[in-house]
Number of protein chains: 2
Amino acid sequence: MDMTPAKATLTREDWSAAALAALERHGLAAVAVEPIAKSLGATKGSFYWHFAGRDDLIAAALDQWERRDTDGVIATVDHAAEGADRLRLLLRLVLQAVVGAPGAGSIELALQPHADHPMVAPVLARVTERRMSTLESLFTDQGLSRSDARDRARLTYAAYLGHAQLAHATPGQLPKGKAYAAYVDRIVETLTP
Amino acid sequence: MDMTPAKATLTREDWSAAALAALERHGLAAVAVEPIAKSLGATKGSFYWHFAGRDDLIAAALDQWERRDTDGVIATVDHAAEGADRLRLLLRLVLQAVVGAPGAGSIELALQPHADHPMVAPVLARVTERRMSTLESLFTDQGLSRSDARDRARLTYAAYLGHAQLAHATPGQLPKGKAYAAYVDRIVETLTP
DNA sequence: GAATATCCGTACGGTAGCGTATGGACATGA
DNA sequence: TCATGTCCATACGCTACCGTACGGATATTC
């Protein structure tokens with residue numbers, strides 16, 4: 001569960017990183033002060049010096065996720081070639097990440113039972129809108145109208161979310177190894193104009 | 001929250017139905033004995049007469065969902081015409097249910113943070129496999145090879161899951177009313193051969 | 001080298017939920 | 001009518017977690 005064998009002095013970022021990890025693995029309920037303190041080799045005394053309370057920690061974890069997510073998408077898109085192949089490469093990368101990186105797309109899933117939570121809903125809305133806009137402009141770059149591009153972005157993003165869910169909950173339903181790469185290629189062909 | 005203004009004597013089914021509703025709305029953590037007792041106008045004394053403990057209640061709720069889901073899919077597929085239109089009609093129905101019926105596809109989402117829970121994982125696996133098989137055979141009916149049909153089923157089911165997630169967490173991202181029906185039609189055209 | 005700020009551990013009270021024990025209300029049958 | 005079975009409320013102890021109070025340790029500054 002915990003990896004860092006204690007640390008001299010903890011920062012606010014250490015706490016929110018641990019909180020984000022707990023959120024990713026076991027949901028919002030796992031963002032609990034005392035268990036996370038234990039995982040950091042500390043006690044609540046430390047926590048309440050850095051944070052006002054549990055809500056403050058949740059907000060910090062969500063904020064950290066939103067930043068990480070934004071940076072990640074931007075880096076991915078930049079990394080993804082030029083012109084027409086940009087969209088295809090992006091799709092391949094994120095669909096690979098879903099089965100490769102442990103917990104890509106897991107935060108969204110962990111947040112689902114609390115999608116109407118006043119702290120969660122705005123973050124979820126911003127992240128989704130940002131990703132949808134990115135996809136939409138990639139589709140308009142391919143010559144689609146704005147309306148068609150939005151629809152395509154919706155379907156594509158839904159497919160991404162669904163694959164994340166399958167990879168997370170029922171990984172046996174997805175092909176393994178090289179077969180998965182071939183499967184992704186077929187998906188990309190179906191989804192791109 | 002609760003609707004039935006108390007009841008003379010409660011049955012095991014009353015409890016598991018209330019548990020399923022709580023699960024659907026607020027996740028597995030909300031499947032808690034005392035809050036549900038309160039929502040039924042009863043106390044724990046009643047609960048522990050019908051159930052061995054909380055795990056027993058969770059199992060009953062999951063079982064109820066699995067049965068309801070199976071019956072629902074079968075009824076839907078039967079309802080869905082004959083031949084080539086069968087697949088298209090099914091897709092239209094489930095994609096409409098995602099935004100129409102309150103909480104279609106919500107249980108899967110609520111269960112995501114506990115996908116590795118020893119009671120949850122087998123149910124999730126069975127439900128997913130059953131749906132995937134249904135889709136696969138509908139695609140083979142359309143002339144696709146078994147392998148192509150499986151791939152198509154994966155993409156289609158992922159799209160369904162993703163739309164359920166969008167409808168649940170960020171409903172603003174989906175078209176409303178009649179525009180949604182048109183959107184669904186475009187999706188179905190893209191996904192069917 | 002003493003004062004101050006930074007960081008954290010310990011101890012405490014409070015709440016929510018789980019599970020058990022026990023008795024009581026009500027019906028049903030002998 | 002009394003005995004038995006069914007269904008449930010109340011009361012209790014237990015655990016996990018939240019938040020506060022307070023004091024101690026270490027570093028930093030003058």
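The shown structure was predicted, so the numbers you read here are calculated from the model rather than taken from an experiment. The figures that follow rest on heavy atoms only: side chains count, while hydrogens, waters and symmetry mates do not. Chain naming here is simple, since letters A, B, ... match the order of the sequence lines and numbering starts at 1 in each.
- Distances from the side chain of Thr43(B) to the nucleotides dT10(C), dC18(C), dT10(D) place dT10(D) closest.
- Residue His163(B) is tested with Tyr180(B), Tyr157(B), Tyr183(B) for a ring-ring contact (aromatic ring centres under 6.0 Å, His included); the sole match is Tyr183(B).
- In the hydrophobic clustering of this structure, Leu144(B) groups with Leu90(B); members are Ile, Leu, Val, Met, Phe, Trp, Tyr whose side-chain heavy atoms approach within less than 4.5 Å, directly or through other members.
- Distances shown here put a side-chain N or O of Thr9(B) below 4.0 Å from the OP1 or OP2 atom of dC8(D).
- Taking atom CG of Leu28(A) as the reference point, atom C1' of dC18(D) lies 15 Å away to the nearest angstrom.
- Arg146(A) and Thr140(A) share no side-chain donor-acceptor pair at under 3.5 Å.
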Taking only nitrogen or oxygen atoms into account, show me every contact under 3.5 Å that the protein makes with nucleotides 25-27 of chain C, one pair per line with its distance.
none

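- When each of Gly45(A) and Pro35(A) is assigned the nucleotide of DNA chain D bearing its nearest heavy atom, the one mapping closer to the 5' terminus is Pro35(A).
- Put simply, CD1 on Ile36(A) is 13 Å from C1' on dC18(D), counting in whole angstrom units.
- The distance from atom CG of Leu40(A) to atom P of dG9(C) is 10 Å, rounded to the nearest whole Å.
- Follow the hydrophobic side-chain contacts under 4.5 Å out from Leu109(B) and you never reach Ile107(B); the two are in separate clusters.
- Atom CZ of Phe47(B) is separated from atom P of dT6(D) by 19 Å (rounded to the nearest Å).
- Side-chain atoms of Gln165(A) and Glu108(B) form no donor-acceptor pair, as typed in the model, at a separation below 3.5 Å.
- Residue Glu136(A) is tested with Arg150(A), Arg154(A), Arg131(A), Arg152(A) for a side-chain hydrogen bond (donor to acceptor under 3.5 Å, both in side chains); the sole match is Arg150(A).
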Between Arg92(A) and Asp185(A), is the salt bridge (charged side-chain N to carboxylate O under 4.0 Å, His left out) condition met? List the steps.
CA-CA 7 Å; Arg92(A) 266 186 271 265; Asp185(A) 284 346; 2.7 Å; yes
So Arg12(A) and Asp56(A), salt bridge (charged side-chain N to carboxylate O under 4.0 Å, His left out) or not? Walk me through it.
CA-CA 11 Å; Arg12(A) 204 169 196 274; Asp56(A) 195 11; 2.7 Å; yes
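- Contact check of residues 48-63 of chain B against DNA chain D (heavy atom, cut-off under 4.0 Å) returns Trp49(B), His50(B).
- One can place CZ of Arg12(B) at 14 Å from P of dC8(D), the figure rounded to the nearest angstrom.
- With contacts defined as side-chain heavy-atom distances shorter than 4.5 Å, the pair Leu93(B)/His79(B) qualifies.
- Separating the CD atom of Glu34(A) from the P atom of dG13(C) is a distance of 16 Å, rounded to the nearest angstrom.
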